[in-house]
Number of protein chains: 2
Amino acid sequence: MKREIPNETVFPDHSAAAISDARKEESSLHGEILARLRDYIVEGNIADGGRIPERQLCAMFGISRTPLREALKVLASEGLVDLLPNRGARVRQLSARELAELFDVMGGLESLAGRLACENIEEQEVAEIERLHYEMYGCYLHRDMQGYFRINQLIHQKIVEASRNTTLMAAYANFAGRIRRIRYSANFARKRERWGEAMREHELILDALRRRAGSELSDILFQHLRNKQAAAVEYMDETSVHTTNRDQSSTLNSKK
Amino acid sequence: MKREIPNETVFPDHSAAAISDARKEESSLHGEILARLRDYIVEGNIADGGRIPERQLCAMFGISRTPLREALKVLASEGLVDLLPNRGARVRQLSARELAELFDVMGGLESLAGRLACENIEEQEVAEIERLHYEMYGCYLHRDMQGYFRINQLIHQKIVEASRNTTLMAAYANFAGRIRRIRYSANFARKRERWGEAMREHELILDALRRRAGSELSDILFQHLRNKQAAAVEYMDETSVHTTNRDQSSTLNSKK
DNA sequence: GCTACTATTATTGCATTCACTTTTTGACCA
DNA sequence: TGGTCAAAAAGTGAATGCAATAATAGTAGC
């Protein structure tokens, strides 16, 4: 009764994750599989903690086990899957604590991005973010949540880009991928009364950015993410029963 | 004439990098190779940009190509090596810009760690850091650079640990590994006149930590890393000629 | 003597195969 | 009927083999 949300339209920020290592992922079977498998997992096609039988995925992608296993190793190092010795790969299940940790790290990265952005951003980019901000404000007034979140993501992405730090951008994309499944749901669970608060925070963000107040912006962004964290963790606790067996398709039996 | 420095004694912080994914690296050949190869590269046994022929490494580790290739893929995703399609792996050569970016990201992570530490650190841990601080001050007075840097690293590590955020700790270890080679050299190149400055910054750090002034500590730590960044980049520029062909053993011909 | 083209060699990418561990199934015993 | 042990099945970990691409050397032409 709650989720039949069109995935792609709301979060088209594949771009962020894709950019980071697009060079090596475009050619070579391994790279393609890595990208496809990552997307497949991030989009929530396998249940949390669900087993990932190699053979099945091989059949699904039409390849042999070698490149698939290479991709799994990389995804494990990215924190998306767990690799149990001799017992296969599982989609990494995030505990509430890990989720909170991830949000804090995201907060740290955005905080850094804001600080650096104040050093490097150009007037024109501030103007663009300003434009987005008011557009988002329009969504807020019209209670258009989907539009709001789309632009919201875009603004944060623009700030990260304005840091002019590609290493930071790659790390940001990496961590964003790890929480995207949950963040997606959490956005919608966000209490309406918090919406106004978030909007106010965004005004502070814009203001600090205009004044190039790096340290200040840094604080605001961290606090902003802390509030998102609270919403996400709260949502996770509420729905923790449902998340164990979500949608699924493959062998989802999380028996143990 | 300049570098015959005992590696291990100065930077025994293998621990940091090892902790992050020690679970999966202890058993399984792939994991062991991953750890060994990472150490091998981090310790600077292959020249920057030097080719890494699979066969040779296989012989060196006494294994077949499969687990080695898996390890290389992971190291590529960690940013330690470049994987050129059909043309093998090379040790990732850091430009001055990338090095600066990495230091800023480290600054962001330490900044975050400081903020979180102020929320979570216990009195006893502050006391321990305080103790280390004064011990380090002793090294400063005695002009004992090696001791200074060892304790310096330890203090930063303790702050990161006090964040109580294992995700952050893992990310920190990851990025630390990427700059360790250069950082190692850069520490020694650090101008003596900057030493006093660094020592003063550390007093600010301790003070902010005592007062649990998270936001303030966050600023100080970022700035502290910025100064380290300046020293490292400066050193890199000075010695850029020498770094291309360092020590080397394997096929180091960085002909292109 | 230098450049361009071809043939040979070496190396990478992926598939396949073999060995070993885990899991499951079934039988025997309590 | 329930539990334990054993044997078979399934799945993973790593090595080998094969095809394709890039690097190298050698030859011919200018």
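The figures that follow rest on heavy atoms only: side chains count, while hydrogens, waters and symmetry mates do not.
Judged as a side-chain contact (heavy atoms from CB on, under 4.5 Å), and not counting sequence neighbours, the contacts of A/Leu154 are A/Leu132. Under the rule for a side chain to side chain donor-acceptor pair (under 3.5 Å), B/Arg178 has no partner lying at least two apart in sequence or in another chain. Under the side-chain contact (heavy atoms from CB on, under 4.5 Å) criterion, B/Val81 pairs with B/Ile41, B/Ile52, B/Leu75, B/Ala76, B/Leu83, not counting sequence neighbours. Taking B/Arg87 as the reference, nothing meets the salt bridge (Lys or Arg N to Asp or Glu O under 4.0 Å) condition, with sequence neighbours excluded. Every side-chain contact (heavy atoms from CB on, under 4.5 Å) that A/Thr166 has, sequence neighbours left out, goes to B/Glu101. In this view, B/Ser111 and B/Ser218 satisfy the side chain to side chain donor-acceptor pair (under 3.5 Å) rule, not counting sequence neighbours. Considering only residues two or more places apart in sequence or on other chains, A/Arg69 meets the salt bridge (Lys or Arg N to Asp or Glu O under 4.0 Å) condition with A/Glu54, B/Glu70. The side-chain contact (heavy atoms from CB on, under 4.5 Å) search around A/Val160 returns A/Ala113, A/Met169, A/Tyr172, not counting sequence neighbours.
Where pairing requires Watson-Crick or G-U contacts shorter than 3.5 Å, the helical stems of DNA chain C with at least three consecutive pairs are C:1-30 with D:1-30.
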Using a cutoff of under 3.5 Å, can you pull out all pairs of nitrogen or oxygen atoms linking the protein to nucleotides 5-11 of chain C, with atom names and distances?
none

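When rounded to the nearest whole Å, the span between CD of A/Glu70 and P of D/dA15 equals 14 Å. Rounded to an integer number of Å, the gap from A/Ile33 CD1 to C/dC14 P is 9 Å.
Scanning residues 60-68 of chain A for heavy-atom distances under 4.0 Å to DNA chain D yields A/Arg65.
For the pair B/Phe61/B/Arg36, a side-chain contact is recorded, criterion being any heavy-atom separation below 4.5 Å from C-beta on.
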